[in-house]
Amino acid sequence: MSEYPFKEIEARWQQYWFSNSTFRTPVELDLSRPKYFVLDMFPYPSGIGLHVGHPLGYIATDIVARYKRMKGFNVLHPMGFDAFGLPAEQFAVEHGVHPRITTERNIANMLRQLKAIGLSYDWDRSLATTDESYYKWTQWIFVQLYHSYYDEETNRARPISELIKHLEATDELFNAGSEEEKEHVLATYRLAYIAEVPVNWCPALGTVLANEEVTNEGRSERGNFPVYKRGLRQWMLRITAYANRLVKDLEDVDWPESVKIMQRNWVGRSEGAHVDFQVVDHDEVVRVFTTRPDTLFGATYMVLAPEHPLVDKLTASEREDSVADYRLKIAARSERERTADVRIKTGVFTGGFVTNPATREDIPVWIADYVLMGYGTGAIMAVPGQDERDWEFAEAFDLQIIRTVRPPDSFDGTAYAGDGPAINSGFLDGLRIQEAKSRMIEWLEENKLGEGTVTYRLRDWLFSRQRYWGEPFPVVHGADGSVRTVPEKDLPVTLPPMEDFRPETTEDPDAPPRPPLSRAPESWRTVEIDGVTYERELNTMPQWAGSCWYYLRFIDNHNDERFVDPELEKYWMSGNGVDLYIGGVEHAVLHLLYARFWHKVLFDLGHVSTKEPFGKLFNQGYIQAFAYRDARGIAVEATEVVDQHGKPATEVQDQPGRLFFHNGNSVEQEYGKMGKSLKNAVSPDEINERYGCDTLRLYEMYLGPLDASKPWNTRDIVGVNRFLRRVWRNFIGEFDDALLVSDREASKELTAALHRTIDRVTNDMERMSFNTAIAALIEFTALLVHEDSIPRSIAEPFILLLAPLAPHMAEELWSRIGHSDSLAYENWPVADSEILKSDEIKIAVQVNGKVRANIHIPADADKATVLAIAKADLSVIRHLSEKEIVREIYVPGRIVNLVVR
RNA sequence: GCCGGGGUGGCGGAACAGGUAGACGCAACGGACUUAAAAUCCGUUGGGCAAUAUGCCCGUGCGGGUUCGAGUCCCGCCCUCGGUACCA
């Protein structure tokens with residue numbers, strides 16, 4: 001008896017695809033075919049291996065890739081590993097093994113797991129960001145960034161050599177400067193530059209972190225260690241130059257609206273004005289940023305961030321003590337304390353005054369922690385009449401409040417931020433906000449008191465890390481402090497082999513950073529270029545560097561001459577870049593913003609042909625699962641939990657009225673993202689072993705819509721497994737292994753059902769609705785159960801429809817019905833529109849919107865005919881009796897509604 | 001607080017353009033086959049009233065509205081998940 005031998009089948013076809021290079025991207029491209037670049041967000045090769053949540057997106061892209069091949073596209077579908085960075089290194093640190101070794105081991109294990117799912121990647125294009133042949137080009141891109149600047153005139157990056165030429169020709173001051181001074185000027189332009197900046201320093205990780213890597217609670221996203229603010233000299237990337245384009249170009253990509261909004265918020269563009277306030281009795285000016293220049297007449301006090309550089313100058317001698325006290329108190333407050341009680345305003349008066357340029361009144365200057373040094377100019381003009389925070393502060397410290405916008409009569413709140421006519425505002429009186437804003441900006445500009453401007457929340461990207469496991473910077477430092485990039489011919493700068501790669505961690509937030517590379521051998525640290533001795537840069541690049549451009553390398557990953565061949569880049573990125581990019585929403589701002597930034601720089605410099613890298617983005621949902629915690633709140637192994645009747649929780653976890661126990665102790669049921677911490681992970685290996693990977697693939701897709709988060713329930717897997725076994729039995733004799741496909745002609749009904757199925761599945765494939773595509777195939781399979789044999793005209797298209805979803809079974813059946821080649825490039829079946837049309841259709845008849853009957857009508861019947869048939873129906877007649885028909889509605893092919901009174 | 005997604009049977013979900021709510025699957029129940037079990041096949045399965053049927057009423061988080069007709073559109077709430085958080 002043959003019972004669907006999935007192990008044998010799956011091993012055979014995976015071997016076949018490998019030895020025949022079935023999924024190798026065509027090298028000789030048939031340019032008459034359209035291209036399709038379908039990409040997954042590549043994973044970190046973690047040491048724990050995959051759980052069933054990880055491959056969800058990979059299965060989806062694989063189905064799309066297989067479908068597109070059958071639709072005649074040239075498909076590029078690669079996979080690689082994001083192997084540098086903190087997770088890989090922390091794992092290595094914790095296990096005391098060199099990251100090179102753990103990384104290789106982890107990659108090997110993940111490769112095994114991925115291949116066991118039958119994913120149709122072109123493995124010849126696999127890469128890891130840790131490959132020297134890869135990070136050579138990551139370093140090369142960094143060199144491009146270093147040697148470029150942002151030209152505000154033409155709104156694009158240009159080689160810094162052009163700027164130097166320009167400055168030499170026009171700027172006497174520049175020419176007069178020393179080399180060092182010149183370099184200082186250039187550093188304010190370069191897209192990659194070194195600056196002393198306030199950074200997030202994490203002593204426990206021994207490194208600085210990007211804002212994006214720090215949680216709201218002021219801790220590291222990796223490891224949850226405390227993070228402190230301190231000033232350090234670091235490499236920065238001038239992403240802020242691209243702030244505007246990063247927002248604007250979102251209009252041109254097909255991305256989930258929520259991700260676009262997150263990016264817009266992150267960039268945080270706001271339009272407003274700079275206003276200069278003269279300091280009373282000092283030759284200083286304080287510049288503020290405001291989005292409401294129209295309210296300048298209502299600015300009754302000013303607030304500086306406690307760290308603002310002018311605080312010392314402004315502070316009156318008798319206020320020095322309280323100002324110093326306050327600043328100390330703020331510095332000691334953790335980020336958490338600072339954000340916990342947002343509604344309670346604190347601050348102190350400096351004793352200083354500035355002049356409101358509109359009213360000519362002198363207004364007091366305060367410092368308060370609700371003004372942040374990192375945004376705008378670190379100083380605000382407070383207009384309590386129109387700003388809730390300023391109102392609260394004014395109330396708390398008894399400061400003057402003037403309304404400069406008339407609230408509606410019904411308004412009984414405090415600050416009024418809505419629209420209305422300006423009042424108490426001199427030349428602005430009567431104007432609405434929009435008009436008043438532009439009028440005030442004109443006035444400021446005429447009087448040289450400020451100007452209209454745009455500010456962004458986005459900060460420049462802190463690009464160095466004090467870790468070992470990252471790309472070394474292709475940069476060397478001269479004894480005189482000069483910086484130069486390593487010549488292209490000497491790239492890559494490889495990581496020196498080091499026994500001790502551990503970061504120097506400490507609990508002292510003020511200890512100087514000591515990057516591991518400072519302990520590298522002298523022979524690595526010192527390098528001679530053109531006869532001059534230099535010291536190598538000892539920091540490494542952050543995690544995100546490698547993932548900023550990997551999609552480009554996939555296009556041409558064996559190229560030793562260039563990071564990507566321009567012709568191949570043009571072909572595969574044509575249209576709008578990557579045609580489909582699937583990954584988790586957790587990368588909505590970090591990876592996707594950084595990658596877009598690099599891509600735009602490469603675009604400006606003429607190295608790539610599109611302004612955006614990812615034309616279509618899709619976020620797959622998470623796989624969630626039930627989890628159980630004991631009385632101490634500690635998660636227990638979900639597979640060991642039983643209910644009050646002793647049944648395994650995995651069988652009954654979705655049933656009402658259950659109590660759960662672990663080793664006899666009561667446990668609480670919970671529901672969350674699958675993973676190690678909740679002890680509810682399921683490995684794809686166990687599912688493969690028990691049901692095979694076609695079942696795994698089908699189940700993951702059948703769970704629900706791809707973008708929804710949904711619960712894993714191992715018990716339910718039998719459903720799709722039964723479907724596959726049923727398909728097998730329909731084709732292969734249960735007792736004799738005989739082929740049950742014949743050349744007899746198919747019935748009209750079965751043919752019609754097939755074409756309806758082709759139509760449904762095709763439609764579902766196009767909109768990535770794989771759960772409904774599978775449902776359609778299950779329904780069709782049920783029709784085949786009672787056929788003695790399956791006509792070939794039915795069998796072939798059916799197998800092809802199944803192929804993207806359950807490729808191993810499809811290939812096996814395809815071969816058993818007599819084909820010697822893989823079906824991977826067979827034409828996708830086309831539904832015959834003639835067959836889809838039926839002569840007779842069934843529609844519902846409603847009386848007053850309630851369905852009272854179903855009638856059969858000729859497909860081409862006109863309204864009068866249909867209504868006649870409907871009114872002749874006994875059930876309809878019953879509901880029409882003694883009523884008057886006041887309206888008759890017929891929606892062709894859909895419904896009849898008779899409105900009666 | 002603000003922004004965004006989502007609330008449909010015991011469970012996962014379907015309904016794509018406002019047109020028969022609950023496709024398909026799980027679980028549950030009944031039957032066939034079997035010495036028995038597994039597997040398989042057939043059937044029932046939103047709630048209620050009925051037991052004559054082509055039957056009636058209710059039902060998509062809650063309350064209103066638009067429409068011949070609302071899970072779907074509009075207004076006001078509640079809950080939930082994610083993002084963000086004194087951004088001037």
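Proteins come first, then strands; the chains are lettered A, B, ... in the order of their sequence lines, and each starts at number 1.
Val52(A) approaches Ile623(A) most closely through the heavy-atom pair O-CD1, 3.9 Å.
For Ile778(A), whose side chain is taken as the heavy atoms from C-beta onward, the closest listed nucleotide among U40(B), G19(B), G25(B) is G25(B).
Nucleotide C24(B) holds its C1' atom 14 Å from the CG atom of Leu724(A), rounded to whole Å. As a whole-Å value, the separation of Ile895(A) CD1 from G19(B) P is 9 Å.
Contact annotation: Lys850(A) does not reach the phosphate of G55(B) (side-chain N/O to OP1 or OP2, under 4.0 Å). Checking the phosphate oxygens (OP1, OP2) of C56(B), a side-chain nitrogen or oxygen of Arg852(A) falls inside 4.0 Å.
Partner of Phe626(A) under the ring-ring contact (aromatic ring centres under 6.0 Å, His included) criterion, chosen from Phe660(A), Tyr671(A), Trp712(A): Tyr671(A).
Note on Pro705(A): only backbone sugar-phosphate atoms sit closer than 4.0 angstrom, heavy atoms only; bases stay farther off.
Against RNA chain B, the stretch residues 867-880 of chain A makes heavy-atom approaches under 4.0 Å through Leu874(A), Ser875(A), Arg878(A), His879(A).
In this structure, Phe393(A) has its ring center closer than 6.0 angstrom to the ring center of Tyr301(A).
Met440(A) CE to Leu296(A) CG: the interatomic distance, rounded to the nearest 0.5 Å, is 4.5 Å.
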Notebook entry, point to check: Where along nucleotides 67-72 of chain B does protein come under 4.0 Å, by heavy atom, of base (B) or sugar-phosphate alone (S), with - for untouched nucleotides?
Noted result: -BS---
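For RNA chain B, runs of at least 3 consecutive pairs of the Watson-Crick or G-U wobble type, with both hydrogen-bonding distances under 3.5 angstrom, map to B:1-7 with B:78-84, B:10-12 with B:24-26, B:28-32 with B:40-44, B:46-49 with B:55-58, B:61-65 with B:73-77.
Donor-acceptor pairing under 3.5 Å, judged by distance alone, is present between the side chain of Asn854(A) and the base of U20(B).
By the 4.0 Å N-to-carboxylate-O rule, Glu779(A) lies close enough to Arg760(A) to be salt-bridged with it.
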